[in-house]
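First the structure, which I've put down as structure tokens, then a few questions once you've had a look.
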Amino acid sequence: MKEKIRIAAGQGFWGDLPDAPVRQVEGGPIDYLMLDYLAEVTMSIMQKQKARDPNAGYARDFVPLMKQILPACVERNIKVIANAGGVNVEGCAAAVRQVASELNLGGKIKIGIVTGDNILDRIDDLLARGIELRNMDTDERLITVRDRIQSANAYLGAAPIVEALDRGAHVVITGRATDTGLTLGPMIHEFGWGNEDWDKLAAGTIAGHIIECGAQCSGGNCQFDWQNIPDLANVGFPIAEASADGTFVITKHDGTGGCVNVPSIKEQLVYEMGDPHEYITPDCVADFTSIQLADAGKDRVRVFGVKGRPATDSLKVSVSYSAGYKAVGTLVYAWPDAYDKARAADRILRARLEKLGLRFEQLLTEFVGVSSTHGLLAGEPSPEISEVQLRVGVRDNDRKSIERFTKEIAPLILTGPPGVTGFAGGRPKVEEIVAYWPALIPKSEITAKVDVIKV
Amino acid sequence: MRIKLVKLAHARSGDKGDTANVGLIALREELFPLLAREVTAERVKEHFKGICHGEVERFELPNLGALNFLLHESLGGGGTLSLMTDAQGKTFSTALLRMEIEIPDEEAGSLRLSDGPN
């Protein structure tokens, strides 16, 4: 059993720096590379792709990345854990297997396939049996949006990832799984933690929470002394150096930019947090008020003292559903009287929309450069302000209304206040809204399935 | 004296649906008791008037010298439903740092605080 393992975060979200995972592999010793490809509504996009092409439905970017790093990973025994499988985990695994065999890695690697998260085909059955999948935020029943559902997936935890690793997988591909599970899984596998070692499971969960947003714990988006954070152009993504006793150190490769210090770790710890006593995952409930941090040298923070409690009986489910349309139009007004002009343009636009008889579920005007981030807290801008962006957004279930709105922006250039520009993007696009519906499902309803295939 | 939170803390915010969470972290350990005493949920709700339309919950993390606030109904529906520039609430952190609190001058002195520019 290894005493310590190094788990590197390769991606903080779908759309993060493409080279980050490569730099993690090439930048120094690591044992695991974990990658998060799924944002909240990503599954709906993948479901649409699969509807058009049965071979699609997974994160396509993952395959060329594997082509780039798989030889080094095999040579140095670095295992890869990724939720790149989307709604077609088998398809993703097949594509990776193809890449591996083209790289002459036949006989050298095994790919773990974790499924069982997808419950789209089971919705009617679940609802019929009284599993209401109520919205955790609004308490509404899922049946109210039944005909608009686009995807439905339970969040699997670390256990199936552990099983895949125990069965010899070098690359583990999942569908929907918790980000924390992608980091905790390797720890359980390497250190043999039991599924009731609550304090250790909580520690691994917290390591996962810290590194799951990539550089957001190693200097990125860091408020503390931000001007003095060195070389963010080459920011090092984080590495959790985990020990069997449940303590761990967060660090990054030597020679990379950014910083790992107690303040940067604290900022990531409070990110997207609800009640800190009860950070609920499929594997345990972690208590963030038990976490102790200590400086452990340059760009090294030790995390210890973590306490956990038993896991709950439920898994979180993410359902995505169609929720109407939206569009956003913008124009920039220049000095003098930039703010007055922008406000005048907004009044003219609204009067025209009113005259057209258009009603929107939501119509929002913002003035970027003045109050779009801090609202009323921003106070009045300087009268000499050089430029203000007028930003108007609309949302409604009626696509035609949204489309009509998009035709009213550009005309303001020739029919509204002067000093206007910033319309080169052309007519704003109508966007179909896919919204997120979080719910809970009893664990007894979900069975994870693990297959391990040889290349 | 009156002092802005930006002199006392750093912060990070995020979203969970239509709720923005703001984690407020003392710049120095010894500033935490002051924050815990003065930055109440009621005051934060008042500060975010017009922005936060629901309740404000507060949690304490003394181990990190931090407070966590949940600002319900602040993100125009949240996620893909929201039309806001900051639909993810990422700038709520600095919005909170604009908040002012009142502290007795002796306490300010003992904590080495000034209301000057730095």
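Naming convention: chains lettered A, B, ... in sequence-line order (proteins, then strands); numbering from 1 in each chain.
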Notebook entry, point to check: Looking only at heavy atoms, which two atoms of F92(B) and A20(B) are closest? And how far apart?
Noted result: CD2-CB, 3.8 Å

Margin query: Side chains of N68(B) and N21(B): any donor to acceptor distance under 3.5 Å?
Written below: yes

Item checked: Under 4.5 Å from any heavy atom of chain A - which part of A11(B) -> both

Notebook entry, point to check: Going by distance alone, is a donor N or O of one side chain under 3.5 Å from an acceptor N or O of the other, for S320(A) and S151(A)?
Noted result: yes

Checklist line | For M1(B) against S114(B), the heavy-atom pair lying closest together | finding: CE-C, 3.7 Å

Next item on the list: Measure distances from L70(B) to the heavy atoms of chain A and classify the residue's part below 4.5 Å as side chain, backbone, both or neither.
Entry: side chain

Item checked: salt_bridge(E432(A), K48(A)) N-O dist < 4.0 Å -> yes

Checklist line | Option that, when pairs with chain B are counted at under 4.5 Å, heavy atom only, ranks first among A323(A), G274(A), G393(A) | finding: G274(A)

Notebook entry, point to check: What part of S290(A) lies closer than 4.5 angstrom to a heavy atom of chain B: side chain, backbone, both or neither?
Noted result: backbone

Item checked: S13(B) versus chain A, the contacting section by heavy-atom distance below 4.5 Å -> backbone

Check: Do you know which of L377(A), V328(A), I291(A), N221(A) has the most heavy-atom pairs with chain B at a distance under 4.5 angstrom?
Finding: L377(A)

Check: Side chain, backbone, both or neither: which part of L97(B) has a non-hydrogen atom closer than 4.5 Å to chain A?
Finding: side chain

Checklist line | Part of H72(B) lying under 4.5 Å from any heavy atom of chain A | finding: neither

Margin query: So that I can tick it off, tell me whether R134(A) and E140(A) are bridged by a salt bridge, with the cut-off set at under 4.0 angstrom between side-chain N and carboxylate O.
Written below: no

Checklist line | Segment of E431(A) engaging chain B (4.5 angstrom heavy-atom cut-off) | finding: neither

Notebook entry, point to check: Contact part of E57(B) toward chain A, heavy-atom cut-off under 4.5 Å: side chain, backbone, both or neither?
Noted result: neither

Checklist line | Rounded distance (nearest 0.5 Å) linking atom CH2 of W437(A) with atom CD1 of I149(A) | finding: 8.0 Å

Notebook entry, point to check: Under a 4.5 Å heavy-atom cut-off, does chain A meet the side chain of L81(B), its backbone, both or neither?
Noted result: both

Item checked: Part of K90(B) lying under 4.5 Å from any heavy atom of chain A -> side chain

Check: Taking NZ, NE, NH1 and NH2 as the nitrogens, is one of them in E55(B) or K45(B) under 4.0 Å from a carboxylate oxygen of the other?
Finding: no

Notebook entry, point to check: Picking from D86(B), D18(B), T94(B), L27(B), which has the most non-hydrogen pairs under 4.5 angstrom with chain A?
Noted result: T94(B)

Check: Just wondering, do R391(A) and T365(A) contact through their side chains at under 4.5 Å, heavy atoms?
Finding: no

Check: Does any heavy atom of chain B fall under 4.5 Å from the side chain of V394(A), the backbone, both, or neither of them?
Finding: backbone

Margin query: For the interface with chain B, which of K326(A), E361(A), Q268(A), Q223(A) has the highest count of heavy-atom pairs at distances below 4.5 Å?
Written below: Q223(A)

Notebook entry, point to check: When rounded to the nearest 0.5 angstrom, what is the spacing between CG in L358(A) and CD in E403(A)?
Noted result: 11.5 Å

Check: Looking at V430(A) and A327(A), what are the two nearest heavy atoms and their distance?
Finding: CA-CB, 4.4 Å

Check: Where on D275(A) is there a heavy atom nearer than 4.5 Å to chain B: the side chain, the backbone, both, or neither?
Finding: both

Next item on the list: Among the options M84(B), K49(B), K16(B), E60(B), pick out the one with the most heavy-atom pairs lying under 4.5 Å from chain A.
Entry: M84(B)

Check: Which answer fits I265(A), side chain, backbone, both or neither, if we ask what part of it has an atom under 4.5 Å from a heavy atom of chain B?
Finding: neither

Item checked: Largest heavy-atom contact set with chain A, pairs under 4.5 Å, which of I51(B), T85(B), V22(B) -> T85(B)

Checklist line | Engaged part of L364(A) at the chain B interface, taking heavy atoms whose separation is under 4.5 Å | finding: both

Check: Mind checking whether Y279(A) and H209(A) have ring centres under 6.0 Å apart?
Finding: yes

Note to self: Give me the atom names and distance for the closest heavy-atom approach of P263(A) to F224(A).
What the structure shows: CB-CG, 3.4 Å

Item checked: Interface moiety of M99(B) toward chain A, non-hydrogen atoms closer than 4.5 Å -> neither

Next item on the list: Find the one option among S372(A), G324(A), G305(A), G375(A) whose heavy-atom pairs under 4.5 Å with chain B are most numerous.
Entry: S372(A)

Notebook entry, point to check: Rounded to the nearest 0.5 Å, what separation is found between the CG atom of L353(A) and the CD atom of E408(A)?
Noted result: 6.0 Å

Margin query: Is E366(A) close to chain B through its backbone or its side chain, or both, or neither, when contacts mean heavy atoms under 4.5 Å?
Written below: side chain

